[in-house]
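Heads up, the thing below is written out as structure tokens.
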Number of protein chains: 2
Amino acid sequence: MVRTDRPKSPLSFQEAKQNKVFEDVVEQIEEAILDGRLKTGDRLPAERELVKLFGTSRGTLREALRVLEQKGLIEIRLGVRGGAVVRPVTPEPVTESLALLIRHQRVSLEHLAEFREGLEANVAALAAQRATPADREALRQLVADARAELEQGPEHYKQFMRVDSLFHTEVGRIAGNPVYAWILATIHANIERFFDRKLPRTAPLLDENLQDLHEIAEAVAQGDAARARERAIRHVRRFCGIMAEEDPPASD
Amino acid sequence: MVRTDRPKSPLSFQEAKQNKVFEDVVEQIEEAILDGRLKTGDRLPAERELVKLFGTSRGTLREALRVLEQKGLIEIRLGVRGGAVVRPVTPEPVTESLALLIRHQRVSLEHLAEFREGLEANVAALAAQRATPADREALRQLVADARAELEQGPEHYKQFMRVDSLFHTEVGRIAGNPVYAWILATIHANIERFFDRKLPRTAPLLDENLQDLHEIAEAVAQGDAARARERAIRHVRRFCGIMAEEDPPASD
DNA sequence: TCATTTTAATGGTTCTACCTTTACGCGGCG
DNA sequence: CGCCGCGTAAAGGTAGAACCATTAAAATGA
């Protein structure tokens, strides 16, 4: 199956690069997934079947499956009834590759937080313009949930943070633009991944946090984009300032 | 080299998941790259050497290399003096995985453009706050370059678009936050990839475009963040509106 | 009926052999 | 002297077969 059949029609120039076999396999399966011929949850045939279908060796086929797995398109399960199943598409691969960039180039928390600040501001403003009555209710409910957690004392701080995270996700959803939602999720994930160690959780701090959420929710509910933007900025900036104190600036 | 040696010390619980061999190899090489033990341009030993070093089979090792290649960390060259060389880190993998998301979930141009609008606005505002005299000069020079291309007539429209692109990249650089620069580059790449087919390039349109660039440059040069933000939004919105006309909304 | 054991399907790994591509050097020819 | 071409060897690419490890499901037995 080694490609020696590169067409040579003298006048129709075409791709000079010869495709490697595994790339061809990757492309075919990827197309099938993106075109919807393979849907989320579908199970591909077993490796030994695919080998027959594509006419390659098993090693080559496995390289192709590994690439697809790395792209986040499939998941490979072990054991009987195992095999490659089509995964739901998530922003996770974006998060992963961004994490690589961040780690390799040693991006500072300041840069990440500044970016998040601008992002959250835009999202809050959009949400304010687009919130439906149901959205307003949902946001207020989340604030109430957060307050309830906080009132249960320090042992519920973790739950409080979870609600906080939900709140941001919800605002992203209300903004109605999946691109914002994805990138926001990606940035959140990376901030947590690299900088979330031991950020302080004291009562007054969390109270301020709750107050921020409340004000953002109200601004969104009233359709006041400018105020929503401003409150979101204040919220992120406070959060970042606190973490920066805890985390002395790396001096490299 | 199949893992049967899972430690079972009864009291020191540890990772339950057994690592696959190739994952172990990926991790080791990835760490070496991120820690700087392997630098950009370095060439890894030949496959058959690595096989000895890691004590695995060649197939397994090749799966690991494929994953690293997919992550954008290495490039695999053919022939003698070939092999795996460490690649410079670029935002390209982020672009790729985002492209997958966009294509799979059929994100509309409107969503992408709206996101870009907010992004460019923030970047322009930051750039206005941070531009040095040299930055100002560079921006003005780019505007002058763009004008020069435009004056040379329709056959230079392509060059004009290139300068336009450079202008946006430069504003991103001036903003001084690599995260903004990366995401902006990623969004640009994806807009081009999916929607840049036959966008009209008529003289009056490009004139407006040039005027936009000029006004953004001036706002940035004068440190007027609010105006820079506003001009950037107008610029992107015009651009998007034009493309939307050309590109009737997909009705699926 | 439920717990336990067995079995078979399926991915994970190894080994070996051979093909393909490509840099580099050597030798002949102008 | 130079350079063109061709051979050679190093390195990745592919194939195929054998065996190991994991797991769901079927068979078995209490």
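In what follows, chains are A, B, ... by sequence order, proteins preceding strands, each numbered from 1. All heavy atoms count here, side chains included; hydrogens, waters and symmetry mates do not.
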Can you tell me how far [atom2] of [N] sits from [atom1] of [X], to the nearest Å?
X: B/E49; N: D/dA11; atom1: CD; atom2: P; result: 8 Å
X: A/L61; N: C/dT13; atom1: CG; atom2: P; result: 15 Å
X: A/R66; N: C/dT13; atom1: CZ; atom2: P; result: 7 Å
X: A/L68; N: C/dG11; atom1: CG; atom2: P; result: 14 Å
X: B/F54; N: C/dC15; atom1: CZ; atom2: P; result: 16 Å
X: B/K20; N: C/dT13; atom1: NZ; atom2: P; result: 8 Å
X: B/K52; N: C/dC15; atom1: NZ; atom2: C1'; result: 15 Å
X: A/E63; N: C/dT13; atom1: CD; atom2: C1'; result: 14 Å

For nucleotides 23-26 of chain C, print each protein N/O atom paired with a nucleotide N/O atom at under 3.5 Å, atom names and distance only.
none

Practice task
Would you kindly say whether A/E120 and A/H188 are connected by a side-chain donor-acceptor distance under 3.5 Å?
Solution key: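 Yes, because at least one side-chain N or O of A/E120 sits under 3.5 Å from a partner of the opposite role on A/H188.
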Problem - Of the listed nucleotides C/dG12, C/dT13, D/dG12, the one nearest the side chain of A/E47 - result: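 The closest nucleotide is C/dG12.
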Exercise for the section: Measure from the side chain of B/V21, starting at C-beta and using heavy atoms only, and say which of D/dA11, D/dG13, C/dT13 lies closest. Expected result: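 Given the options D/dA11, D/dG13, C/dT13, the side chain of B/V21 is closest to C/dT13.
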Practice task
Describe the nucleic acid contact of A/G83 in one word from base, sugar-phosphate, nothing, applying a heavy-atom distance below 4.0 Å.
Solution key: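 Sugar-phosphate contact only - A/G83 comes under 4.0 Å of backbone atoms but never of a base.
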Exercise for the section: Check every strand shown and say whether B/R48 touches a base, only sugar-phosphate, or nothing at a heavy-atom separation below 4.0 Å. Expected result: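 Base: the residue B/R48, judged by heavy atoms under 4.0 Å, touches a nucleobase.
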Contact under 4.0 Å: [X] side-chain N or O vs [N] OP1/OP2:
X: A/R77; N: D/dA24; answer: no
X: A/S57; N: D/dT14; answer: no
X: A/R58; N: C/dT13; answer: no
X: B/R62; N: D/dG13; answer: yes

Evaluate the side-chain proximity of [Y] to [X]: yes if any heavy-atom separation is below 4.5 Å, no if none is.
X: A/L73; Y: A/V86; answer: no
X: A/F160; Y: A/D145; answer: no
X: B/R116; Y: B/H168; answer: yes

Exercise for the section: Could you tell me which non-hydrogen atom of B/L34 sits nearest to which non-hydrogen atom of A/R106, and how far apart they are? Expected result: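 Closest approach of B/L34 to A/R106, heavy atoms only: O-NH2, 3.9 Å.
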Handout entry: Of B/G82 and A/T60, the one whose closest DNA chain D nucleotide lies more 5'
Key =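 The residue closer to the strand's 5' end, by nearest nucleotide, is B/G82.
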Exercise for the section: Might you confirm whether atom CZ of B/R58 has over 12 heavy atoms from other residues, nucleotides or ligands at distances under 6.0 Å? Expected result: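 Yes, because the 6.0 Å sphere around CZ of B/R58 holds more than 12 heavy atoms from other groups.
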Exercise for the section: Mind running side-chain contact (heavy atoms from CB on, under 4.5 Å) on A/I187 and A/F115 for me, showing each step along the way? Expected result: CA-CA 8 Å; A/I187 296 296; A/F115 183 80; 3.7 Å; yes
